[in-house]
Amino acid sequence: MAPTFRLGRVLLLTVGGGIYLLLAHLTTAPGAPSTPGALVAVAPYMAVALGMAWKSHARLLALTLWGGLALLLWYGWPVIKSSFEWIYLIQHVGIFSLLAIGFARSLATDADPMITRFARLIHGEQLDPAVLRYTRQITLAWTLFFATLATASVSLFFFGPFAFWSLLVSLLTPALVGLMFAVEYFVRVLVLPRGIRTSLADSVRACVRASRRLTPPVA
């Protein structure tokens, strides 16, 4: 893939994602039933599901299942319209709870910490002891970060200002994740010598590679 095309695709995805998150916040913050809000919450997932169904080897079955899901959504649209914010809550809390659990479980004495696994993707199996210590500590930091996001989401949804909860799950979360990457890299520069240190770009690529390994192929 040509570098210019790759850069253009990244920019397009970034702008599109930003617009989607802004729309999600604007339609959710009022805390009232909304047809546009429900469409913003549901349509992207249905579009992705349709694309996966079309690419599936069992295309007819997959498209039939997608059609059945679309009928269920149409039948239950009044409920979805009045409670679409629960889609964002379940998504946000579910993702960050699973990440927190996964990172926490990797800290068991008989397992490789998650960040250590990412480091091995870049540097190979043999890692410097300083890198091993650092990646274990950073795995713990990411665990606490993910758990804090999930806890804050639940707390704000039920007990805090609804508009601020909407701001957290739509706009603040990607900004906080980016800030966490930046802070972690700053700490890495201070703690690890240049020769055994991973660049920020390599860290992001390792995360992407690891996520692709965990993503099951389309049936």
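Scope of the values below: all heavy atoms of this structure, side chains included, with no hydrogens, waters or symmetry mates.
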Q: Same cluster for Trp74 and Trp66 if Ile/Leu/Val/Met/Phe/Trp/Tyr side chains link at under 4.5 Å?
A: no
Q: Hey, is the main chain of Pro78 close enough, under 3.5 Å, to the side chain of Ser82 for a donor-acceptor pair?
A: yes
Q: Heavy atoms, side chains only, cut-off 4.5 Å: are Phe145 and Val177 in contact?
A: yes
Q: At their closest point, which heavy atom of Arg117 faces which heavy atom of Ser106, and how far apart are they?
A: NH2-CB, 3.7 Å
Q: Is the ring pair Phe146/Phe103 parallel, tilted or perpendicular, if the boundaries are 30 and 60 degrees?
A: perpendicular
Q: Would you find a donor on one side and an acceptor on the other, under 3.5 Å apart, between the side chain of Thr135 and the backbone of Leu132?
A: yes
Q: Heavy-atom count check: over 12 atoms from other residues, nucleotides or ligands less than 6.0 Å from Arg105 CZ?
A: no
Q: How close do Thr143 and Ala104 get, counting heavy atoms only, and between which atoms?
A: OG1-N, 3.6 Å
Q: Any side-chain heavy-atom pair from Leu69 and Met46 closer than 4.5 angstrom?
A: yes
Q: Is there a path from Leu176 to Phe164 through hydrophobic residues (I, L, V, M, F, W, Y) whose side chains come within less than 4.5 Å of each other?
A: yes
Q: Under 4.5 Å between any side-chain heavy atoms of Thr28 and Ser170, yes or no?
A: no
Q: Mind checking the CZ-CD1 spacing from Arg133 to Ile138? Nearest 0.5 Å is all I need.
A: 13.5 Å
Q: Any idea which heavy atoms bring Ser34 and Pro36 closest together, and the distance?
A: OG-CD, 3.2 Å
Q: Hey, mind stepping through Phe84 and Trp77 against ring-ring contact (aromatic ring centres under 6.0 Å, His included) and telling me if it holds?
A: CA-CA 10 Å; Phe84 67 90; Trp77 191 252; 9.2 Å; no
Q: When you compare the side chain of Leu149 with that of Leu168, does any pair of heavy atoms fall below 4.5 Å?
A: yes
Q: Answer whether the closest heavy-atom distance between the side chains of Ser153 and Phe96 falls below 4.5 Å.
A: no
Q: When you measure from the side chain of Ser83 to the backbone N and O of Ile80, does any donor-acceptor pair fall under 3.5 Å?
A: no
Q: Hydrophobic cluster membership, with links at side-chain heavy-atom distances under 4.5 Å among I/L/V/M/F/W/Y: are Val40 and Ile19 in one?
A: yes
Q: Are Tyr75 and Leu65 linked, directly or through other ILVMFWY residues, by side chains that come within less than 4.5 angstrom of each other?
A: no
Q: Taking all non-hydrogen atoms of both residues into account, name the closest pair between His25 and Ser166 and its distance.
A: ND1-OG, 2.9 Å
Q: Which heavy atom of Thr27 sits nearest a heavy atom of Leu23, and at what distance?
A: OG1-O, 2.8 Å
Q: Identify the two heavy atoms, one from Ala100 and one from Ala147, that lie closest to each other, and give their separation to 0.1 Å.
A: CB-N, 3.8 Å
Q: Flag the pair Ile115 / Phe118 as yes when at least one side-chain heavy-atom distance between them is below 4.5 Å, and no otherwise.
A: yes
Q: If you count every heavy atom of other residues, nucleotides or ligands that lies below 6.0 Å from Leu60 atom CG, does the total exceed 12?
A: no
Q: According to a hydrophobic-cluster definition based on side-chain heavy atoms being under 4.5 Å apart (Ile, Leu, Val, Met, Phe, Trp, Tyr only), do Leu107 and Leu144 belong together?
A: yes
Q: Going by heavy atoms in the side chains, are Tyr88 and Trp165 under 4.5 Å from each other?
A: yes
Q: Look at the side chain of Arg136 and the backbone N and O of Pro113, then say whether any donor-acceptor pair between them is shorter than 3.5 Å.
A: no
Q: Relative to the ring of Phe162, is the ring of Phe157 parallel (under 30°), tilted (30 to 60°) or perpendicular (over 60°)?
A: tilted
Q: State the CG-CG distance between Leu167 and Leu172, to the nearest 0.5 angstrom.
A: 4.0 Å
Q: How about Leu50 and Leu63: do any of their side-chain heavy atoms sit closer than 4.5 Å?
A: yes
Q: When rounded to the nearest 0.5 angstrom, what is the spacing between CZ in Arg188 and CG in Leu190?
A: 11.5 Å
